[in-house]
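Each remark here refers to the structure printed beneath this line.
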Amino acid sequence: MWRLEARPAPSRAMSYASPVVALVMTVVVAFVMFVALGADPVRGLQVFLIEPWNGPRALSELALKSTSLVLCALGLALCYRSNVWNIGAEGQFLMGGIAAGGLAMWFTMNKVGMSNWAFMPLAALAGMLGGAFWASITALLRDRFNASEILVSLMLVYVANHFLSYLVFGPWKDPMGFNFPQTVNFDMGMPRMLAAYRLHWGTVVALVLVVAVWLFMARTYRGYQLQVGGLAPAAARYAGFSARSALWSSMLLSGAFAGMAGAFEVAGPMGQLTPHASTGYGFTAIIVAFVGRLHPVGCVVASVLLSMFLIGGELAQSRIGLPSALTGIFQGVLLFSLLACDTLINYRIRRKVGA
Amino acid sequence: MNEFALLIAATLSAGTPLALAGLGLLINEKVGVVNLGAEGMMLMAAVVGFAVGFHTGNPWLAFAAGAVAGALGAALFGLLVIWLNTNQYATGLAISLFGGGFSAFVGVAYVGKKLDIQQTYAVPGLSELPFVGPAVFQQHPMVYLTVLAAVVIAWFFGRTRTGLVLRSVGESPESAHGLGYRVRLMRMACVMAGGALCGVAGAYLSVVYAPLWVEGMVAGRGWIALALTVFATWRPVRLLLGAYLFGGVTMLQLQLQGMGVDVPAPIMSMLPYLATVAVLVLISQNPGWIRRNMPASMGKPFHPGA
Amino acid sequence: MKLISKRSLLAVAAVGTLAAALVGCGKKEAPPAPAPAASAPKAEPLKAAWVYVGPVGDAGWTFAHDLGRKAVEAEYGDKIKTTFVEKVPEGPDAERVIRDLAQQGNKIIFATSFGYMEPMLKVAKDFPDVKFEHATGYKTADNMRVYDARFYQDTYLAGMIAGKMTKTNTLGFVGSFPIPEVLRNINAFTLGAQAVNPKIKVKVVWVSTWFDPPKESEAAQTLINGGADVLLQNTDSTAVLQTADKAGKYAFGWDSDMSAFGGKAHLGSAIVDWSNYYKKSIKEVMDGSWKGNTVTRWGVAEGQNDLVKIPDVVPADVKAKVDEIKAAMKAGTFEVFTGPIKDSTGKERLAKGTAADDDWRGKIDFYVKGVEGKIPSGK
């Protein structure tokens with residue numbers, strides 16, 4: 001019989017190998033599934049893994065999707081490291097999008113001319129405020145009433161969704177829009193890097209934030225406090241680190257980041273507010289944060305990986321006729337494999353000696 | 001008056017899957033395991049239950065199949081969380097994700113298919129009673145079994161020796177281990193039993209409630225069931241009542257619409273979720289209450305010999 | 001910290017190696033290329049693509065479109081090659097899907113939901129040689145046009161049957177979203193019922209979704225609890241019909257023939273048959289007569305809409321009346337919305353004797369008299 005035995009020190013080799021092994025396991029599962037579905041497995045893997053990188057437009061789309069994921073995941077990584085389980089990034093994303101969308105709508109309807117460059121910081125600010133506000137509700141209820149942040153933030157996602165519906169069906173509906181639930185098309189949006197592609201400068205903002213968070217976590221005392229607070233709450237309290245300030249700062253920051261992602265999405269590729277602003281990025285970002293091992297650079301790699309899966313899944317449908325459900329299965333398998341492999345960092349498998 | 005009776009009937013039916021899933025999660029949490037994968041387990045069970053119901057025409061086999069599917073999903077979760085000590089929250093989320101994809105995948109063949117299963121039930125005699133009859137006694141047998149389940153689980157954890165041992169595992173797995181109990185096996189057993197109940201909840205949705213299969217049909221009920229365990233402070237009968245309350249608010253919102261009450265529909269749709277938050281706040285305010293009722297080791301991994 | 005970033009680099013390297021290996025294997029496949037020239041014995045098949053908002057098996061909206069696509073395949077055989085992508089979310093993702101389909105060589109693309117309008121418009125600008133068709137929208141371009149159906153004709157006919165079959169004089173409607181199309185359907189249903197039974201009233205419950213069987217079931221149950229004994233829906237699943245059957249009431253099928261699901265409850269299915277329109281569009285692309293900037297609405301007259309599978313439980317005289325109106329619709333002599341029409345507040349919306357046109361019908365934002373309650377709005 002086998003058993004798990006704790007290692008004296010975390011294994012460096014396994015830290016390197018774990019995500020690679022997880023990826024390989026996922027690819028193997030993908031291969032098997034393609035064969036089982038009667039599709040050419042090599043073509044299937046090519047569509048999932050290569051096509052999303054194929055050409056400048058593909059890269060632009062990949063970067064665009066990754067931007068939203070990375071922003072959300074960055075904030076979540078901060079939260080999870082502080083042992084604050086924010087599951088409601090999707091709601092914070094939506095509220096940020098609503099805030100920026102509302103601003104753009106107001107500008108458009110009042111004929112305030114504005115270049116995309118001028119609008120971007122305003123959109124970012126609006127998004128951050130909207131998202132942080134929504135997150136602050138969760139933080140408040142946890143702080144004052146000890147209500148579980150997992151459940152409150154999750155319920156608030158549904159509330160945010162319905163609030164969006166209320167706005168686009170009601171007061172924010174385009175009066176020239178034949179009573180369809182959508183706002184006017186905004187006159188301004190996100191400045192594009194190249195006019196031909198949808199990629200915008202928000203991606204650069206995201207990358208800058210990645211570096212900023214990395215520095216914060218690795219080099220500042222505050223960042224250190226946040227992490228210790230999460231790893232060893234009792235020790236942290238003893239050392240005077242406040243669990244309460246960790247709660248508030250991580251929730252507000254993650255809300256702000258998710259809100260900014262929402263703002264960029266609404267101002268950028270969408271160009272208006274519709275009931276379909278909710279794309280699930282807030283939930284996918286949870287997976288990204290874990291696969292990225294709660295590290296800023298890891299989040300970047302993981303968000304690109306998961307965007308690849310998402311886009312690959314779409315392409316698999318239109319190019320090879322594979323079912324759309326595959327993407328969810330692959331994401332789940334990736335996460336499982338990673339979690340399983342991660343165990344081997346801190347434990348090793350030994351044969352049981354004796355009875 | 002009759003409308004009110006029918007509202008009660010609808011509430012009982014709507015609350016049943018929430019109650020079943022909630023009871024399953026409660027069993028998990030009593031031994032200290034938090035399973036965020038309820039949504040995925042319910043989806044897998046819903047599709048499996050529907051498929052079996054479709055091919056055999058037997059609702060009880062369908063429920064059994066759903067229970068097995070839920071238990072298997074929970075077993076995967078349990079293996080990772082109990083033996084490999086992976087993070088409970090992340091693993092649960094992975095199950096939710098995987099369950100969604102898997103069920104959509106398997107379910108492609110069953111979208112738009114019809115079940116050949118009896119749809120109307122009535123308790124003979126009792127269902128003729130005025131008001132109480134249509135309100136309470138015209139339900140699918142599973143509704144009554146759910147009530148029974150809540151009572152049995154309450155009795156099990158409160159009054160039997162095994163229940164006590166399991167609760168102690170939930171409070172302090174280290175002590176239980178020290179006393180010689182096989183903590184990990186007990187946790188696994190509870191995780192699988194909880195998964196089976198979530199599975200029955202999922203099968204109920206696709207075989208009785210809808211009765212159809214469609215992707216994502218669980219529509220967040222797994223998460224609401226999770227909220228219910230906190231709301232009920234881990235007491236089974238209170239959980240049952242909470243499930244009916246939640247089911248009732250959902251139906252009430254539709255009812256108010258039908259009666260012509262002029263509140264924007266999206267605002268009404270928010271009600272069940274706001275109600276959950278409100279209740280959570282009320283319940284959680286009293287930290288002593290939570291401390292006394294919540295199993296202390298919830299969410300924490302257990303290493304024998306660590 | 002150094003540990004982790006090295007790990008990330010390794011992960012990237014691993015992906016890169018894997019990718020390189022696959023590119024090596026993948027290169028054996030030729031990338032999709034435009035049709036080779038005249039030396040081929042027969043012309044390259046026309047590539048046509050459909051973008052669906054739901055799953056093809058929904059037995060409703062998407063299913064009906066897919067039947068149309070299959071009809072096109074059957075008609076044109078190897079002169080055509082069709083593709084479809086299902087469950088495409090309305091929003092920015094749709095733009096990517098539509099663009100990819102255009103890049104893959106599809107010469108005509110059909111987008112089957114309102115929410116694809118803006119994404120399709122954006123892609124149409126970049127692909128002037130590709131034809132774009134949008135269902136149920138209103139924006140067009142030189143290479144993009146709109147097509148739609150006249151569901152309200154179906155619902156009027158259903159209303160006539162409902163008005164005669166109801167015993168409680170209360171009808172129920174499960175509505176998705178309060179957009180003009182759905183309000184039009186509700187109003188036509190009411191007018192049809194009133195034409196045979198002036199005493200009826202209609203209750204509406206909104207579920208804020210096109211497809212969610214448990215929710216549709218709950219809504220249907222609520223309507224039944226409120227006294228409705230004949231139901232119609234604007235949502236896409238069979239749940240409403242099945243709930244009615246369970247409760248011993250009546251209901252109609254929607255978008256496709258749902259008689260198999262309804263047992264004794266089924267009074268007819270308000271269907272849409274897109275095959276004639278799709279065949280026409282493909283033909284126009286093939287012979288070069290396709291023109292953009294138009295809005296085409298076909299209904300009963302063109303065989304696109306119908307109320308089918310009316311069972312024998314409906315009395316013969318009602319069936320006869322329905323056939324009579326159907327014939328008038330086919331001949332173009334019957335307009336569902338003919339004045340005087342008053343809305344539920346009593347205000348006159350259409351003068352006596354006036355027949356509504358597409359413009360009037362497209363702007364409906366009110367309930368006609370006889371529909372209970374107010375349209376949910378934010379105002």
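Proteins get letters first, then strands, A, B, ... in listed order; numbering begins at 1 in each. Bear in mind that the values here come from a model prediction, so they are computed numbers and not experimental data.
- A:A340 approaches B:L80 most closely through the heavy-atom pair CB-CD2, 3.7 Å.
- For chain B, the nearby parts of A:L339 are the backbone and the side chain; heavy atoms of each come within less than 4.5 Å.
- Scanning all heavy atoms of the two residues, the minimum distance from A:G332 to B:F98 falls at CA-CB, 4.1 Å.
- Looking only at heavy-atom pairs under 4.5 Å with chain B, the residue among A:F145, A:F283, A:F330 that has the most is A:F145.
- Heavy atoms only, all atoms of each residue included: B:A90 and A:L335 are closest at O-CD2, 3.9 Å.
- Residue contact with chain B, scored on non-hydrogen atoms closer than 4.5 Å, involves the side chain of A:I150 exclusively.
- By the ring pair (Phe, Tyr, Trp, His ring centres under 6.0 Å) test, A:W85 pairs with A:Y80, B:Y89, sequence neighbours left out.
- B:L226 contributes atom CG, which lies 8.5 Å from atom CG of A:L154 (distance to the nearest 0.5 angstrom).
- Heavy-atom distances place both the backbone and the side chain of B:I95 under 4.5 Å from chain A.
- Separating the CZ atom in A:F290 from the OG1 atom in B:T91 is a distance of 8.0 Å, to the nearest 0.5 Å.
- The two residues B:W223 and A:L151 have their closest heavy-atom pair at O-CD2, 4.2 Å.
- Here the straight-line distance linking atom CZ of A:F336 with atom CG of B:L79 works out to 11.0 Å at 0.5 Å rounding.
- Considering every non-hydrogen atom in both B:F102 and A:I329, the closest pair reads N-CG1, 3.5 Å.
- Within residues 155-163 of chain A, the residues having any heavy atom closer than 4.5 Å to a heavy atom of chain B are A:M155, A:Y158, A:V159, A:H162, A:F163, listed by residue number.
- A:L37 touches chain B through its side chain: at least one heavy atom from C-beta onward sits under 4.5 Å away, while N, CA, C and O do not.
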